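Order of appearance sets the numbers: ligands from 1, and atoms from 1 within every ligand. Just so you know, these numbers come straight off a predicted model, no measurement behind them.
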Amino acid sequence: MNAATKAFLKSAYKQYYFRQGNSLEFPDKIQFREFGYIPFGGSMVRHLSFRNPGEAVAEILRQTPSSVYCSNAIYAAPALPMEEKGWKGAELIFDIDATDVPTPCKKGHDIWYCENCHASVKLPSGRLRKPLKCRQCGGNTAELHGTCEVCLDAAKDHTIRVVEFLAEDFGTSPSEVKIYFSGNRGYHLHVFDKKFDLLDQQARAEIADYLRGDSLPVPQSIASALRRRLDDSEIANAGWMRIIGSFIKERREGCSSTLQKLVFDAISSRQALIDTSVTTDIHRVFRLPGTLHGNTGMCKKRVDSMDSFNPNVNPVVLNGEQVKVNVKFYPQFSIGGFSFGPFKSTTATIPTYAAVSILTRGFGEVA
Ligand SMILES: [Zn+2]
Ligand SMILES: [Zn+2]
């Protein structure tokens, strides 16, 4: 990233924070939270603390970083090194990223590319890895995951599944769960139900496994356990066995699938593919609600209604002023309801909110 690009990005982000400083959302007990940020072209600065929101906003305006983070944990002394902070509890958090939810379209928009010659190839499947070196020039390769409506809808669907699990199996009211668009490809759920706050990593891992269905026996053994009970027309009234039992009861009549296949379908229809490592890390810092994502320029936006939220439009908050960008390479993408690219060794004139994704990832510089 050259100096002109860095200055352009900082100015675009600053304009947002200057005008929308009041849309930043701070958690309670702010003086006991750890803050951090990543400057444009720099690395993470952590272990910061602020006495009040005003102090934090002033520092964000002064630094205009590419990303701003805040802990879900509260600490006796948040600015001290981790071992000395004095952990006092942390809200339960879930992260759902479209990248982790398998969708058939990924092979159409996930690519690997060469950082040297910019040759690009579609990844044959979402799970398949890129080659270490470019086959044409031997340069280093990197992956670029695109998104489409199908992927974003899948992330939304899995987010709703988390809210349902929390309500049905943990007694947490949906009103205690705040949902945010992550600013990139997914959603963060912040759970403000005190019963979770003191749970350790192990307990959080168990919750994550439960929601993902990871701790369930294989479909074959669930099917044989169910076969006996279904004949007595008696199904469990709680947890996964209730979900699987009622799914099968609804569909079994006149259905040619085996019981084992129905069990598999029941699990796939309700498992929430959250990122376990995020939920279990009790010392993490998370993007602060209302701040901008460092790669996309989109806002970590509170979602009041999942039905009406449009992740391609609602979090787009940067201005639409046209900017000339020398793009080395970038695949087609969509933001703000418009489609851009694909670009290869060209100068493109595009709105600021679209240019950010290309500039922050090093695929181009302002002309
Ligand atoms: Zn190459
Ligand atoms: Zn997709």
Side-chain angles (χ1 to χ4, degrees), residues 1 94-162 179-188 212 268-275 293 295-298 300-301 303 306-316 326-346 353-354 356-358 360-365:
M1 183 183 296
F94 297 102
D95 173 47
I96 291 105
D97 194 297
T99 317
D100 300 326
V101 182
T103 44
C105 48
K106 286 201 166 62
K107 56 180 174 290
H109 55 64
D110 283 1
I111 61 163
W112 69 262
Y113 65 94
C114 171
E115 291 178 325
N116 179 45
C117 73
H118 303 117
S120 68
V121 178
K122 281 180 178 168
L123 281 167
S125 108
R127 300 270 153 226
L128 228 92
R129 303 305 306 269
K130 66 181 178 63
L132 278 174
K133 298 282 174 197
C134 172
R135 285 157 195 156
Q136 288 173 32
C137 76
N140 287 329
T141 59
E143 286 182 16
L144 189 62
H145 300 272
T147 26
C148 72
E149 225 165 286
V150 175
C151 290
L152 290 168
D153 278 350
K156 214 183 219 192
D157 185 29
H158 282 247
T159 301
I160 294 166
R161 294 179 191 185
V162 176
I179 304 173
Y180 298 91
F181 177 67
S182 71
N184 192 13
R185 272 192 296 267
Y187 296 89
H188 293 169
R212 292 177 53 90
S268 324
S269 75
R270 287 294 297 279
Q271 65 179 171
L273 293 177
I274 53 169
D275 182 337
H293 193 283
N295 282 131
T296 65
M298 287 195 281
K300 174 163 170 177
K301 181 111 178 143
V303 180
M306 286 301 270
D307 283 341
S308 59
F309 185 75
N310 181 345
N312 193 258
V313 174
N314 301 129
V316 178
N326 292 326
V327 192
K328 288 184 266 190
F329 151 77
Y330 208 79
Q332 190 186 28
F333 68 110
S334 156
I335 188 169
F338 297 98
S339 177
F340 301 93
F343 300 116
K344 188 147 194 188
S345 310
T346 185
Y353 63 76
V356 169
S357 291
I358 299 172
T360 56
R361 294 181 168 109
F363 290 98
E365 306 278 2

Would a distance-only check, ignoring hydrogens and angles, find a side-chain to backbone donor-acceptor pair under 3.5 Å from [X] to [Y]?
{"X": "T141", "Y": "C134", "result": "no"}
{"X": "H158", "Y": "Q271", "result": "yes"}
{"X": "T296", "Y": "N184", "result": "no"}
{"X": "R161", "Y": "S269", "result": "yes"}

Quick one, K122 with D110, criterion side-chain contact (heavy atoms from CB on, under 4.5 Å). Give me CA distance, side-chain angles, the key distance, then yes/no.
CA-CA 6 Å; K122 281 180 178 168; D110 283 1; over 6 Å; no
Which word best sums up how the rings of F181 and Y187 line up, parallel for under 30°, tilted for 30 to 60°, or perpendicular for over 60°?
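Answer is perpendicular, since the angle exceeds 60°.
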Provide the protein N, O or S atoms situated under 2.8 Å from the Zn ion (ligand 2); waters are not included.
C105 SG, H109 NE2, C148 SG, C151 SG
Do the side chains of H145 and C151 get nearer than 4.5 Å, heavy atoms only?
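In short, these two side chains do not touch, never coming nearer than 4.5 Å.
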Here the pair of heavy atoms bringing D307 nearest to K156 is O-NZ, 3.9 Å
Counting no waters, what protein N/O/S atoms lie under 2.8 Å from the Zn ion (ligand 1)?
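For the Zn ion (ligand 1), the protein N, O and S atoms that sit under 2.8 Å away are C114 SG, C117 SG, C134 SG, C137 SG.
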Considering residues, nucleotides and ligands other than Q332, do more than 12 of their heavy atoms fall under 6.0 Å from its CD?
yes
